[in-house]
Amino acid sequence: MKEKIRNGLLAGLGIISLGKKKFIKVYRDLIKEGESFKEDNEFFKKNWQRFDTLAEKFEEFGTRFAERMNLATKSHLDKISEKIDRFLKETKTH
(Lines give C-alpha, C1' and ligand atoms only; values in the text may rest on other atoms or scores of the structure.)
Protein backbone atom coordinates (compact mmCIF):
# COMPACT_ATOMS: atom_id res chain seq x y z
CA MET A 1 0.00 0.00 0.00
CA LYS A 2 2.81 2.38 0.93
CA GLU A 3 4.46 1.74 -2.45
CA LYS A 4 1.24 2.53 -4.35
CA ILE A 5 0.78 5.82 -2.52
CA ARG A 6 4.44 6.72 -3.11
CA ASN A 7 4.19 5.88 -6.81
CA GLY A 8 0.92 7.77 -7.11
CA LEU A 9 2.54 10.88 -5.64
CA LEU A 10 5.57 10.51 -7.90
CA ALA A 11 3.30 10.09 -10.94
CA GLY A 12 1.46 13.27 -9.94
CA LEU A 13 4.74 15.13 -9.65
CA GLY A 14 5.78 13.73 -13.02
CA ILE A 15 2.57 15.05 -14.58
CA ILE A 16 3.25 18.49 -13.15
CA SER A 17 6.86 18.49 -14.31
CA LEU A 18 6.10 17.18 -17.79
CA GLY A 19 3.17 19.57 -18.14
CA LYS A 20 5.38 22.50 -17.22
CA LYS A 21 8.06 21.47 -19.73
CA LYS A 22 5.51 21.00 -22.50
CA PHE A 23 3.81 24.30 -21.66
CA ILE A 24 7.13 26.17 -21.87
CA LYS A 25 7.95 24.53 -25.21
CA VAL A 26 4.51 25.35 -26.65
CA TYR A 27 4.76 28.91 -25.30
CA ARG A 28 8.15 29.44 -26.98
CA ASP A 29 6.87 27.93 -30.24
CA LEU A 30 3.84 30.23 -30.17
CA ILE A 31 6.07 33.27 -29.69
CA LYS A 32 8.22 32.23 -32.67
CA GLU A 33 5.10 31.71 -34.80
CA GLY A 34 3.76 35.09 -33.69
CA GLU A 35 7.02 36.82 -34.60
CA SER A 36 6.97 35.18 -38.02
CA PHE A 37 3.32 36.09 -38.57
CA LYS A 38 3.97 39.68 -37.48
CA GLU A 39 6.78 40.02 -40.03
CA ASP A 40 4.71 38.50 -42.86
CA ASN A 41 1.50 40.44 -42.19
CA GLU A 42 1.24 43.97 -43.64
CA PHE A 43 -1.26 45.16 -41.03
CA PHE A 44 1.02 44.21 -38.16
CA LYS A 45 4.11 45.55 -39.91
CA LYS A 46 2.46 48.95 -40.26
CA ASN A 47 0.81 49.05 -36.83
CA TRP A 48 3.18 47.21 -34.49
CA GLN A 49 4.34 50.45 -32.84
CA ARG A 50 0.74 51.04 -31.74
CA PHE A 51 0.68 47.63 -30.04
CA ASP A 52 3.96 48.41 -28.27
CA THR A 53 2.54 51.72 -27.09
CA LEU A 54 -0.61 49.99 -25.86
CA ALA A 55 1.47 47.42 -23.96
CA GLU A 56 3.44 50.24 -22.30
CA LYS A 57 0.20 51.95 -21.27
CA PHE A 58 -1.09 48.70 -19.72
CA GLU A 59 2.18 48.34 -17.81
CA GLU A 60 1.95 51.94 -16.55
CA PHE A 61 -1.67 51.35 -15.54
CA GLY A 62 -0.69 48.23 -13.62
CA THR A 63 2.09 50.06 -11.80
CA ARG A 64 -0.17 52.98 -10.89
CA PHE A 65 -2.88 50.56 -9.75
CA ALA A 66 -0.40 48.70 -7.52
CA GLU A 67 0.81 52.00 -6.04
CA ARG A 68 -2.73 53.22 -5.35
CA MET A 69 -3.65 49.90 -3.76
CA ASN A 70 -0.44 50.15 -1.72
CA LEU A 71 0.84 46.87 -3.17
CA ALA A 72 4.53 46.05 -3.43
CA THR A 73 5.90 46.03 -6.96
CA LYS A 74 8.80 43.92 -8.22
CA SER A 75 11.16 46.88 -7.85
CA HIS A 76 10.06 47.33 -4.22
CA LEU A 77 10.64 43.65 -3.50
CA ASP A 78 14.04 43.78 -5.22
CA LYS A 79 15.10 46.72 -3.03
CA ILE A 80 13.95 44.91 0.12
CA SER A 81 15.81 41.79 -0.97
CA GLU A 82 19.01 43.81 -1.50
CA LYS A 83 18.69 45.34 1.97
CA ILE A 84 18.19 41.91 3.53
CA ASP A 85 21.24 40.56 1.68
CA ARG A 86 23.38 43.49 2.89
CA PHE A 87 22.11 43.03 6.45
CA LEU A 88 22.89 39.30 6.39
CA LYS A 89 26.39 39.95 5.05
CA GLU A 90 27.02 42.55 7.74
CA THR A 91 25.83 40.25 10.53
CA LYS A 92 28.07 37.43 9.28
CA THR A 93 31.16 39.64 9.40
CA HIS A 94 30.47 40.86 12.97
Side-chain angles (χ1 to χ4, degrees):
M1 185 67 161
K2 177 182 172 184
E3 186 73 18
K4 288 182 181 181
I5 293 171
R6 181 181 178 279
N7 288 342
L9 288 171
L10 289 173
L13 291 173
I15 289 170
I16 292 168
S17 177
L18 186 59
K20 178 183 174 188
K21 288 177 186 176
K22 288 191 179 263
F23 173 79
I24 290 170
K25 182 184 181 325
V26 168
Y27 177 75
R28 289 180 180 152
D29 290 346
L30 289 171
I31 290 172
K32 287 178 189 175
E33 286 295 321
E35 288 287 338
S36 176
F37 183 77
K38 178 185 85 166
E39 296 303 319
D40 295 341
N41 185 289
E42 284 302 316
F43 174 79
F44 285 111
K45 276 185 187 178
K46 291 178 185 176
N47 296 295
W48 192 253
Q49 183 60 40
R50 290 182 184 173
F51 291 108
D52 279 341
T53 302
L54 183 62
E56 288 174 12
K57 290 190 185 285
F58 273 118
E59 186 174 350
E60 289 171 13
F61 172 79
T63 302
R64 285 195 319 262
F65 179 79
E67 288 171 355
R68 287 184 181 164
M69 295 300 293
N70 205 20
L71 301 173
T73 62
K74 183 178 181 326
S75 63
H76 292 130
L77 296 175
D78 288 343
K79 288 177 185 176
I80 291 171
S81 180
E82 288 172 12
K83 288 179 181 180
I84 291 170
D85 289 343
R86 277 194 306 250
F87 175 76
L88 291 174
K89 286 178 184 176
E90 288 175 7
T91 57
K92 284 182 182 179
T93 59
H94 293 296

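Owing to the predicted nature of the structure, the values given are computational and were not obtained by experimental measurement.
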Colleague: Atom CG in Leu54, atom CZ in Arg50: separation rounded to 0.5 Å?
Modeller: 11.5 Å
Colleague: Using a 4.5 Å cut-off on heavy atoms from C-beta on, say whether the side chain of Arg64 contacts that of Phe61.
Modeller: yes
Colleague: Can you label the angle between the Phe51 ring and the Phe44 ring as parallel, tilted or perpendicular, going by 30° and 60°?
Modeller: tilted
Colleague: Atom CZ of Arg86 and atom OG of Ser81: how far apart are they, to the nearest 0.5 Å?
Modeller: 10.0 Å
Colleague: Salt bridge check, Asp29 against Lys25: does any charged N sit closer than 4.0 Å to a carboxylate O?
Modeller: yes
Colleague: Nearest 0.5 angstrom please: Glu35 CD to Glu39 CD, how far?
Modeller: 6.5 Å
Colleague: Any chain of hydrophobic side-chain contacts (each under 4.5 Å) joining Leu10 to Leu18?
Modeller: no
Colleague: Atom CG of Asn41 and atom NZ of Lys46: how far apart are they, to the nearest 0.5 Å?
Modeller: 10.0 Å
Colleague: With no hydrogens and no angle check, is any side-chain donor or acceptor of Thr63 less than 3.5 Å from a backbone partner on Glu59?
Modeller: yes
Colleague: Kindly give the heavy-atom pair with the smallest separation between Lys45 and Lys38, and that separation in Å.
Modeller: CG-O, 3.7 Å
Colleague: Is Trp48 reachable from Phe37 through a run of hydrophobic residues whose side-chain heavy atoms are each under 4.5 Å from the next?
Modeller: yes
Colleague: With rounding to the nearest 0.5 Å, note down the distance linking NZ in Lys21 to OG in Ser17.
Modeller: 4.0 Å
Colleague: For the backbone of Phe87 and the side chain of Thr91, can you confirm whether one donor and one acceptor N or O come within less than 3.5 Å of each other?
Modeller: yes
